[in-house]
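Taking it in order: structure first as structure tokens, then the write-up.
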There are 2 protein chains.
Amino acid sequence: MNNADDNIASPRTKPLTARELARLMGVSQSAVSRAFTPGSSISPELRQRILKAAGELDYQPNAIASMLSTRRSNIAGIVVSEMQNPFYPTLIEKLSRGLQRVRLQSLMFNITRGSNIEEQLVALRQYNVDAVIIISATVLSGASVQWATDGRAAVLVNRTIPDLPLTSVSCDNVEGARAIADHFHALGRHRVSYVAGLPHTSTNLERQNAFVTRVAELGMRLIHSVAAGEYSYEAGHRAALEIARGEKTDAIFFANDILAAGGMDALRESAGLRVPEDVAVAGFDDVALARWPHYSLTTFRQPIDAIVEKTVSSVTQQLETPSLPPSRNPISGELIIRHSTVAEWLPEIIE
Amino acid sequence: MNNADDNIASPRTKPLTARELARLMGVSQSAVSRAFTPGSSISPELRQRILKAAGELDYQPNAIASMLSTRRSNIAGIVVSEMQNPFYPTLIEKLSRGLQRVRLQSLMFNITRGSNIEEQLVALRQYNVDAVIIISATVLSGASVQWATDGRAAVLVNRTIPDLPLTSVSCDNVEGARAIADHFHALGRHRVSYVAGLPHTSTNLERQNAFVTRVAELGMRLIHSVAAGEYSYEAGHRAALEIARGEKTDAIFFANDILAAGGMDALRESAGLRVPEDVAVAGFDDVALARWPHYSLTTFRQPIDAIVEKTVSSVTQQLETPSLPPSRNPISGELIIRHSTVAEWLPEIIE
DNA sequence: GGGAACATTGCATCCGTATGCAAGCGACGA
DNA sequence: TCGTCGCTTGCATACGGATGCAATGTTCCC
């Protein structure tokens, strides 16, 4: 039992290094490095030999060391705050996959509202992320974002920050809000209302302004315009009750689907109104529950795949061309009409 | 305009290094490093002086270099796959905050089912993550997980992997499933059914076995036991319809809340049954929608905060004591009774 | 056959921080 | 007053790979 250690699962095995592998093979460390670097100057034979040996000896390059040398981390920092709205998990999931496709891992930064945000952004710089993708709707100061993103690829998804020239990719909120207003108008609803979520976010401002403007253009009356305060079911519920207690309205546009869901339940179950007969309801996003037969919610679909694709391509372009000027990229969405505005529309059979 | 560059936002400014800062201050680079390393040998005065200068000159240590030196990355890899169930985003968000509290950033690894999982786990080793937290319900082979976690702190959350001795933290599925069975029994329901999600996951097996066993112990009859195939609203909807077409059952336990929501809507709106009068419905997790008045779902609440806390503390312990033997940590949950099983229970007023 | 252009390979050094070791310094006790 | 001990500080080097440059070997053309 002289070599007892050999039999024990060895948690401490130091990973093989390029130098060691090189020594074992009688080649130089550079050769090993080149074997793993596409496009580097090495003969196909040697590369194959090294990759084969690497496979057998379970060598893989240490990404940390490589980051230090190249000053590229191959990491994208994703700044996130509200995971409650199911739209975001879906977005993040797809985004993270999209980034993996271009060899970027996703480092998540969960911003907690109220806590010291600057402090949380320090890590973005410390970890030397190549790209910063800001999804959080939470208000971030332009200065801190500028500082955090300084010199890196950066994309704001579904939001903008005043006075900060950064590339942004968003669903076309103006198009969406106008489409809803047009739809209400086409339905013959003329006494419409709007329910905001977080009032000061760029997303909300765009939707609200576009909706209100279009409503006026079409000669409809805006009966209520309330702020729910947050993007939650409960907030939508409260807002709907408040509206139901006031002057009669025949169509409500909620700033997103979750608000709309809470609102519909309140209208139907607490206010005793029929949706869509008494009041039509529309949301925004087209999250999964909008398709549920119970809600069957008319909504403006955010084209997640297109948003992800544009975000990823913008990141890669910025990485290739650091001087690329910022751009705004509104992505066209699609009005999805369902039962919550059109009684004749019957919920899809769920297959 | 000789120094035109000065006026332009300088995206390329190379970050200040410890050496440079040291040179500027006339101290050694070691001193700078020590100033940022708690517990290192340095006088309080010098440390203060350095930290002050660092603040003014906007220096912060390069985490990459530090990782290379210390062989600690301060990164936890979170392996995730299903973000559709709202339980997981919530869990991940809290977990990520919990980890930040102990100075660990979260690197997310989104496992795509079907694609090459091993390949995706390579990055866990390359990035040298200190800890691996596996939340994904997707089936992972023991061997690949072992390889990926080799020698690091690792925790399986809400799942186990057969034959793989790893620390796990889960809601006590047995307790939960028994509580539901007991509840059905107390309600006088004796013809019960079970709806599974992903049939081969450890979570499902535990819930299913415990439920079936308890049902038998209590002398109730198990009428249907079906597998929805995935944890989705649609799957729950389909499963419920299938059950409604078969022999009459008076209580259904769905393996999670999303399934239950789909199931309830199907029972009520497609099968024309009353919930809870004709059939009682219970779920598992207590996600947000379980509280919505429309569902008002009886469910077994997973104690997310306790799970997160235990996970984080287990990680820190493992980091301190690498030889720590694996442990199982079932966390006690709580039966939440609502309208879907007890007609008299009225939905909470939403404040 | 000689030389130039090219393809491969290795050498040496750098990336930015952490840390063992030894040197410097002041304080304290005998 | 001198030796010793403890606290600070700096020096030198390690962490693991990437890469410019020089050295070597090949190929091709005149």
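Atoms considered below: every heavy atom in the structure, side chains included; atoms not considered: hydrogens, waters and symmetry mates. Every chain is numbered from 1 and lettered A, B, ... according to where its sequence line falls, protein lines coming before strand lines.
One donor-acceptor pair, N or O on each side, does fall under 3.5 Å between the base of D:dT19 and the side chain of A:Ser30.
Residue contacts shown for A:Leu46 are limited to sugar-phosphate atoms, with no base heavy atom under 4.0 Å away. Among the protein residues, A:Ser33 comes within range of the nucleic acid bases, having at least one heavy atom under 4.0 Å from a base atom. Within 4.0 Å (heavy atoms only), A:Val27 reaches sugar-phosphate atoms of the nucleic acid but no base atom. Backbone-only engagement by A:Thr70 is indicated by non-hydrogen atom pairs under 4.0 Å involving sugar-phosphate atoms exclusively.
Ring to ring, B:Phe109 and B:Tyr127 are not that close: their centroids are 6.0 angstrom or more apart.
The separation between B:Asn62 atom CG and C:dC14 atom P is 18 Å, rounded to whole Å. Across the protein-nucleic acid pair, B:Arg19 atom CZ and D:dA14 atom C1' stand 12 Å apart, rounded to whole Å. In this structure, the CD1 atom of A:Ile64 is 15 Å from the C1' atom of D:dA18, given to the nearest Å. Distance, B:Gln48 CD to D:dT9 P: 13 Å, rounded to whole Å. If you take CD of A:Glu20 and P of D:dG16, they are 10 Å apart, rounded to a whole angstrom. For the pair A:Gln29 CD and D:dG16 P, the computed distance is 11 Å after rounding to whole Å. Rounded to an integer number of Å, the gap from B:Arg71 CZ to C:dA18 P is 13 Å. A straight line from CD of A:Gln126 to P of C:dT17 spans 10 Å, rounded to a whole angstrom.
Exactly one of A:Ile135, A:Val132, A:Leu107 qualifies for a side chain to side chain contact (heavy atoms under 4.5 Å, CB included) with A:Val79. That residue is A:Val132. Considering A:Asn329, A:Val157, A:Thr203, A:Asn158 in turn, A:Asn158 is the only one that fulfils the side chain to side chain contact (heavy atoms under 4.5 Å, CB included) rule with A:Ser170.
Nearest-nucleotide positions on DNA chain C place B:Ala65 closer to the 5' end than the other of B:Ala65 and B:Arg34. Closest-nucleotide positions on DNA chain D for B:Ser28 and A:Ser69 were compared, and the one nearer the 5' end corresponds to B:Ser28. Mapped onto DNA chain D by nearest heavy atom, A:Ala31 and A:Leu68 fall at different nucleotides, with A:Leu68 at the one closer to the 5' end.
Around atom CZ of A:Arg47, more than 12 heavy atoms belonging to other residues, nucleotides or ligands sit under 6.0 Å away. For B:Glu309, the CD atom sits in a loose shell: 12 or fewer heavy atoms of surrounding residues, nucleotides or ligands are nearer than 6.0 Å.
Under 4.0 Å is where a charged nitrogen must lie from a carboxylate oxygen, and between A:Arg103 and A:Asp130 no such pair does.
In this structure, of D:dT9, C:dT19, C:dT8, it is D:dT9 that holds the atom nearest to the side chain of B:Ser43. You'll find that the side chain of B:Ser66 is closest to C:dA18, out of C:dA18, D:dT9, C:dA12. Taking the side chain of A:Ser41 as heavy atoms from C-beta on, and the options D:dG17, C:dT19, C:dT9, the nearest nucleotide is C:dT9.
Looking only at side-chain heavy atoms (C-beta outward), A:Met67 and A:Asn74 stay at 4.5 Å or farther from each other. At a threshold of 4.5 Å between non-hydrogen side-chain atoms, the residues B:Asp305 and B:Lys94 count as touching.
Within the helix from C:dG1-D:dC30 to C:dA30-D:dT1, the inter-axis angle between the opening and closing five-pair segments is 40°, rounded to 10°.
At D:dG17, one or more side-chain N or O atoms of A:Tyr59 fall inside 4.0 Å of OP1 or OP2 (strictly under the cut-off).
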